[in-house]
Amino acid sequence: MITRRTFLQTLCLSSLALKAQALEMARDASGRREALWYQRVDDGRGTVRCQLCPRRCTIPEGATGFCRARQNVAGRLCSLGYNLPCSLNVDPVEKKPFFNFYPGTRSFSLACAGCNLRCKFCQNWEISQISPLQAANRYTPTSQLPSLARGQGCRSIAFTYTEPTTYYEYMTDSARAARKAGLLAVYHSNGFINPEPLDHLCKHLDGANIDLKGFSEEFYATVCEARLAPVLESLKRLKRGGVWLEITNLVIPGYNDTPRMIGDMCGWIRQNLGAETPLHFPRFFPLYKMTAIQPTPVKTLEGAREIAMGAGLKYVYIGNVPGHPGNSTYCPRCRKQVIRRSGFSVLSVELKGDRCRFCNERIDGAGLITGGTRI
Amino acid sequence: MRGGERHATSMLSARAAIILLGVACITAQTVLLRELLVQYHGNEFSVGVILGNWVAASALGAFLAGRRTWQGGPVHSFIRLTFLVSLLFPLSIALCRTFKPLAGIPHGMGLTLAQIFCSSLLLLLPTAALLGGQFVVATKLYARFSGDEERAPGRAYALDAAGTMAGGLLSTSLLVPLLSPLQVAALLLLLGGGCSLALSRGVGGETGVARVLPSLMLLAALMLCAGGAGWVERMTLALQWQGREVLASRNSPYQNITVLRDEGQLTVYTDGLPFTTFPDPDTASLEELAHLPALVHPDPRVVLLVGGSAGGIPPELLKHPSIERIDCLEIDPLLLETVTSFGRLTPAAGAGDGRVRLHLVDGRRFLRTGDGGYDLVLLNSPLPLSLQANRYFTREFFLLVRERLRPGGLLAFAAPGSTAYYSPDLKAITATLTATAAAVFPSVRVIPGESNLFLAFPEKGVELPGAPLLARRLQERGIRALLVTPEHLSWRLDRSQAEWFAGSMAGARGGPNRDFTPRLFSADLAQSTALLNPWLAPLLTAAARSGSAGLAGVALGVLALFSVAGRGRSSVAIPLLVASSGLAAMLLELILIMAFQVCSGVMFQAIALLIALFMGGLCCGSLVSAGRPAADYHRLMAGEAGLLVLAALLFALFSWEQGTPVSPLMATGVVMPLLFAAGFCTGMEFPPAVRLLQRDEDGRVGGGVGRVYAADLLGGWFGGVYGGMILPFLGFRWSCALLVSLKLAGMVLLKMQRKQGKL
């Protein structure tokens, strides 16, 4: 039987614990977690310089950086989206897109508002071009994510839709929690990040899909308000860091679709990242500020695929054209279809372990399927 | 030629010149408006801004011309201005097409409102200002030949209005459909040149410009007949589309249609935006809209497809063996003809399939007049950025659909969705669509995704079949589709997606979209505005939310301003009154034209007639009050009272709306007479306003006309900008209430001026 004294003690301790938890929650729910990767500027006015991405924004007190997601609060740089994703949903992993990575599995996808680029063809402009302070967010601490993902039958957690770099701290903590729970952590990013933060991030990621939006500095400058060189550096570092890497190059008519640009890009990928790096060429449809550009001709995509394969890349895909043969994975040796897809749906698998069922060639990737069993 | 005969000929030439000026004005305005609309991608906002900037530039021209002392008399000045307009109008057309590359704007990009405002002002300024100035010179011309300075402004205004009326009819029914814009410019040059030469001979001497005119006319004739215009047309189009291969560019009464080719892929553009592409279409949207509703129905036999039949839906539908007939409704024959001429299989070509029937008719008219029921009604229209499109998403339209659905039938339409995030704008759109469908159909279900598919059933408690049943039907019907596979169905109807959608939409509220309360149109417009002008959207939303309170504030402000002006000089009060009438006239004209569109759906076909009715009223009104200067105050008062009554009548009409479909007869029986009446009341005010101003200033004819004309056009400019930007958000009803308060203030102003003996 509980004594009066014990009862009061328990009550006090519980209240204190609840209070501490409430304070922690309030702090988390404010989204203002102190950011990593910044330094104070010695100007006596509390200015800081963000070191996360190549913009290296100098941020006066009260202001946010270019990405709108990192704010200088009383001389401390804070990540505004911490624990506050504005988007939580379940997608096929193929939608990220990952085609050589645990095909046919589901990915618990999340995003916090903000982006450090200004692409005029952004698909998710409604959340990428605003601050977490403006978005309708859902308080989701990192500890909750694994159970949410598992509850939906997901194999991985994906940081996607907006630019995950802008919520770096939430991403790394969530990735750590995911791995601890036996889930995979993947991200879809523009790759516009500084080398040091990326090297640190690589330790927590299993897969990365990087948008290589075009292969010229001019394209990046005029269409994305960014630079190409840091993205190329990121790709090399991800590869070196042992993260499974796939690349997406959205082909926009009249902007990044010349055979020469595509050829140069494929040559660079082959040389620096290896022939096994999957490359996706999705079809462009009018979007955001680029509303008057026609959808990419399928012949252009097919031409790009031929160029890529001619450059020696083993896995080249055509996206946003459901039912096109370029949706599927082919054995690089015997050229037979080993994973048949239409859109994001996996229709059949012709693999034995991670090898081609017809010629026994090893298919590059992670978590490939054999007879319905994941390896 | 004797003196009397010469005078008669000159008078005739002067009249012809002023009528032609009206024709040139409306034609140039129409041509440049259409050219700019293509550049601005048919943005509804831009129409108001373009019209507003046109009248502002005309006002500036009229104002400057009124202040200027013209060298060499009105005849030679008129000829010089004709010469300048003839040169600058075609140049403006070319600049409209090429300003984007010249300004370094990459191809395919939408423009911000600021860019639209500045570019349209700069591009319209030369032509509109010269035409505005020419009107002032024309009144002097008329005064010189008629010898009646007092009545000249009214007569010239009436002739100009008659020309505008004729030009409106001519340009919409003949010039725009039959000739290219540059050919229209050449034709105007020929007519204007001929008139100028006649005028020049009438005063017995040719100036330097008149001597050059014949050569210029010869050039215009070559442009018109010998293919010169075609060459320039191709050159400017190539610049406009920035090097892409242009296969065709045509103007229908509804829109500009352009076909581009890239790597064998043809894309058809309507008003500068991609409409359809082939031979490789947007498979995902086609297959989902065709197959998902057809699979939900256990035995679809008769289908109605409203819009977009050129996009490839009928061949997908025909894969369902039970389908016996597909009625396809299209409103623009030229669009279908263009798509067909480039080898796309349309219902017209029908791939030889007799089950597909094409009807070139408005969807509402078809549903109202036709008979027979449907198992499926597919609404294949993009979300409305115009009232024309809004007509297919209203409660009234859904009522018509429900009446034609067979037992077990369903209505299906797609709208943008998201698998990532529902912004407030997207939530508003989705909630409005749901509320509109739910206002008519007892069961409304949404299959959420990147594109939300809405399915509405006339029976209560209908639930969507699960993915396994749909997959079985897919298999049983032997359908081979590229996207819609059993795996895709399983994903599309996954419980997690439905739950996420429900969670994202929690708390979203929206009222039904109706004909005269176009909530969907406003929400869609707000979203497209936020896309390019993030700063503007909150302002417009706030304007929409302010409703009656905001309106009362504005009305009180107007009343206070007019009361102060009423105590001041007539030289300020009269132009203010005229400006308010210009605003009211433009806004009433826009509201009535939009109301016509809502009722009938054939506004583009009838636009010439509508403008003609308004201009006819304007002309009759100004003729009626051209004489009897003693009654000027009463005429002005009558004009103000007339506009007030009209606005009040429309307010009552829009408030009375009960949700039942409006009869098309209302378009001809109510809207058309009201358009004439609006023009009549406005026209009544012009001659007395000029005379009262002249009496006050004891000034010259041109000066008074210039100020009144400029004030009228300035008000019109504001009305145009309001009509394009604020009207869609504030709505028809409250805008009419605003007009009532404006005209009430105008009457107070007149009364005060009278009381002080200034009138």
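Letters go in sequence order (proteins before strands), and every chain restarts at 1.
- Using a 4.5 Å cut-off between heavy atoms, B:Arg495 does not touch chain A at all.
- Looking at B:Thr419, both its backbone and its side chain come within 4.5 Å of chain A, counting heavy atoms on both sides.
- Close approach to chain B, defined as a heavy atom under 4.5 Å from one of its heavy atoms, is seen in A:Pro286, A:Tyr288, A:Lys289, A:Met290, A:Thr291, A:Ala292, A:Ile293, A:Gln294, A:Pro295 of residues 286-296 of chain A, taken by number.
- Contact of A:Arg283 with chain B is made through the side chain alone, with heavy-atom distances under 4.5 Å.
- Residue contact with chain A, scored on non-hydrogen atoms closer than 4.5 Å, is absent for B:Tyr422.
- Contact tally against chain B (heavy-atom pairs below 4.5 Å) for A:Thr162, A:Thr160, A:Ile127, A:Val223: the top residue is A:Ile127.
- Contact annotation: the side chain of A:Arg106 approaches that of B:Ser496 to within less than 4.5 Å [non-hydrogen atoms, C-beta and beyond].
- Residues satisfying the salt bridge (charged side-chain N to carboxylate O under 4.0 Å, His left out) test with B:Glu287, not counting sequence neighbours, are none.
- In this structure, chain B has a heavy atom under 4.5 Å from the side chain of A:Gln123, while its backbone stays farther away.
- Counting heavy-atom pairs closer than 4.5 Å to chain B, the top residue among A:Gly343, A:Ala111, A:Ala135, A:Pro92 is A:Pro92.
- Contact tally against chain A (heavy-atom pairs below 4.5 Å) for B:Leu426, B:Thr267, B:Thr283: the top residue is B:Thr267.
- For B:Arg509, the salt bridge (charged side-chain N to carboxylate O under 4.0 Å, His left out) test picks out no residue, with sequence neighbours left out.
- Of residues 249-261 of chain A, those residues lying under 4.5 Å from chain B by any heavy-atom pair are A:Pro253, A:Gly254, A:Tyr255.
- Note on A:Ala113, A:Pro322, A:Gly153: by heavy-atom pairs under 4.5 Å with chain B, the leading option is A:Pro322.
- Screening B:Trp500, B:Tyr421, B:Phe501 for a side-chain contact (heavy atoms from CB on, under 4.5 Å) involving A:Asn89 leaves a single residue, B:Trp500.
- When the candidates A:Gln152, A:Gln129, A:Arg138, A:Lys299 are compared by the number of heavy-atom contacts under 4.5 Å with chain B, A:Lys299 comes out ahead.
- Looking only at heavy-atom pairs under 4.5 Å with chain B, the residue among A:Asn124, A:Leu88, A:Val321, A:Thr222 that has the most is A:Leu88.
- Side chains of B:Asp280 and A:His324 form no contact here, defined as non-hydrogen atoms less than 4.5 Å apart.
- Residue B:Asp494 touches chain A through its side chain alone, counting heavy-atom pairs closer than 4.5 Å.
- A donor atom on one side chain and an acceptor atom on the other are not found under 3.5 Å apart for A:Ser345 and B:Glu487.
- What you find for A:Val298 and B:Gln265 is that their closest heavy atoms are N-OE1, 4.5 Å.
- A:Asp91 touches chain B through backbone and side chain together, each having a heavy atom under 4.5 Å away.
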